[in-house]
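Written below as structure tokens is the structure these notes are about.
In what follows, chains are A, B, ... by sequence order, proteins preceding strands, each numbered from 1.
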Amino acid sequence: MLTGFERIQLISLAGSLFFMLGILELIRRQKIKEAYAILWLIFGSVFILLSFWKKGLDYFAGIVGIYYPPALLFLILIVAIILILINFSVVLSSQNDKIRILTQEMALMRTELEKKSPKNVDGPDHTALNQTARTDD
Amino acid sequence: MNTGCIIIPCYNEMTNIAGVIEEASQFADKFDILVINDASTDQTSLAARKTQKATVIDLPANLGVGGAVQTGLKYAKNQRYSWAIKLDGDGQHPPEAIQSMLEPLTEREADIVIGSRFLAINSGFRSSFLRRIGIKFFEKLGMLLTGQRFTDPTSGFRAYNRKAIEFMAVHYPTFDYPEPEELVLASLNGLRLKEVSVSMRDRWSGESTISSSFSVYFMLKVTLAMIFIFFRTSKNNKEAKC
């Protein structure tokens, strides 16, 4: 398996390792939650494996009937990206719901507070925030 | 405190909101007025507060119509109102119609009443050709999914009884353009719906955030949502029966 280690293998191995270390470092620094890093790590491992096992690509390409093995590489990559993006959509939708509920509860509580002691509550002080948010998009 | 409330969701309706509140306040002896300011970037909140006739709920971030309306319904649920009426903040919905919209609720004929522009032939509302096609499409789709005909599925003029308030405070379609979805959701969950003819006016001034862009996005999003609500609910019902 390690005989005849070619230049492309070294490069792809270095690239994959660099990628994996980057993800692990982000997890260590708590920039990514472990749950969201799993997909990245899985596909990183696949690419490390394929860097070592050069024949593996030909092998799997043969199984699924792809004549040009490197095309399989792109296929795996695209599938990886699609899966991760779908995962993002799921997370995004659930966050959307959570933010909505928080916003509503906060507004309702503020209204209750306002009724009890009108002096302590100013009007909306978030207009500035909204304006800056709007220039962003 | 009254037994009902009028929910007015609004976004940047500084010029219209005071007038809408004034008009609605003719029912002040029966209904509390509730303005949901969906994080307007103008002085909508202040304009509404100045009338001193409405409770103003300021959302700290913009949620879209669905989220704003649901906030009002949550408030109505918490305050134990028996009736809630939803009115647009742009002056399109004449509050005079409230009386006739309440009737089916008090007569216990329906749980949600929809104010329809198209139930009567001469209702005085003009809209563009494309928009009418869109509305017709949702009418047909709604009929397919619920078995009931809604002549004005996109109308946001609605009245709710206590049962509907409690259901919608939790399940209201909370994204943008919630109206046609709401019909399917309500109908499939055993709420009785009824349309009542009302005449609507053109909005008083400014840009509509809800309905002026009768766009491809709007059509696709609402169609998808209606169909999925249908499958989701009928699946749940089957499971409940087992």
Please verify the inter-ring angle class for B:His93 with B:Phe157; under 30° counts as parallel, over 60° as perpendicular, anything in between as tilted.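 Taking B:Phe157 first and then B:His93, their aromatic rings lie parallel (interplane angle under 30°).
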
Segment of A:Thr103 engaging chain B (4.5 angstrom heavy-atom cut-off):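 Contact with chain B is through both the backbone and side chain of A:Thr103.
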
Find out whether B:Val184 and B:Glu182 are in side-chain contact, i.e. whether some heavy atom of one side chain is under 4.5 Å from a heavy atom of the other.
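In short, these two side chains do not touch, never coming nearer than 4.5 Å.
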
Exercise for review: Check whether any side-chain heavy atom of B:Thr55 lies under 4.5 Å from a side-chain heavy atom of A:Thr111, and answer yes or no.
Suggested key: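 Yes; the side chains approach each other to less than 4.5 Å.
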
Worksheet entry | Heavy-atom pairs under 4.5 Å with chain A, option from B:Ile36, B:Thr174, B:Asn78 with the top count |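 Of the candidates given, the most pairs with chain A belong to B:Thr174.
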
Checklist entry - Salt-bridged, A:Glu114 to B:Arg49, with N to O below 4.0 Å? => result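 The answer is yes: the pair qualifies as a salt bridge.
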
Considering only heavy atoms, which portion of B:Leu63 lies under 4.5 Å from any heavy atom of chain A: side chain, backbone, both, or neither?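 The answer is the side chain of B:Leu63.
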
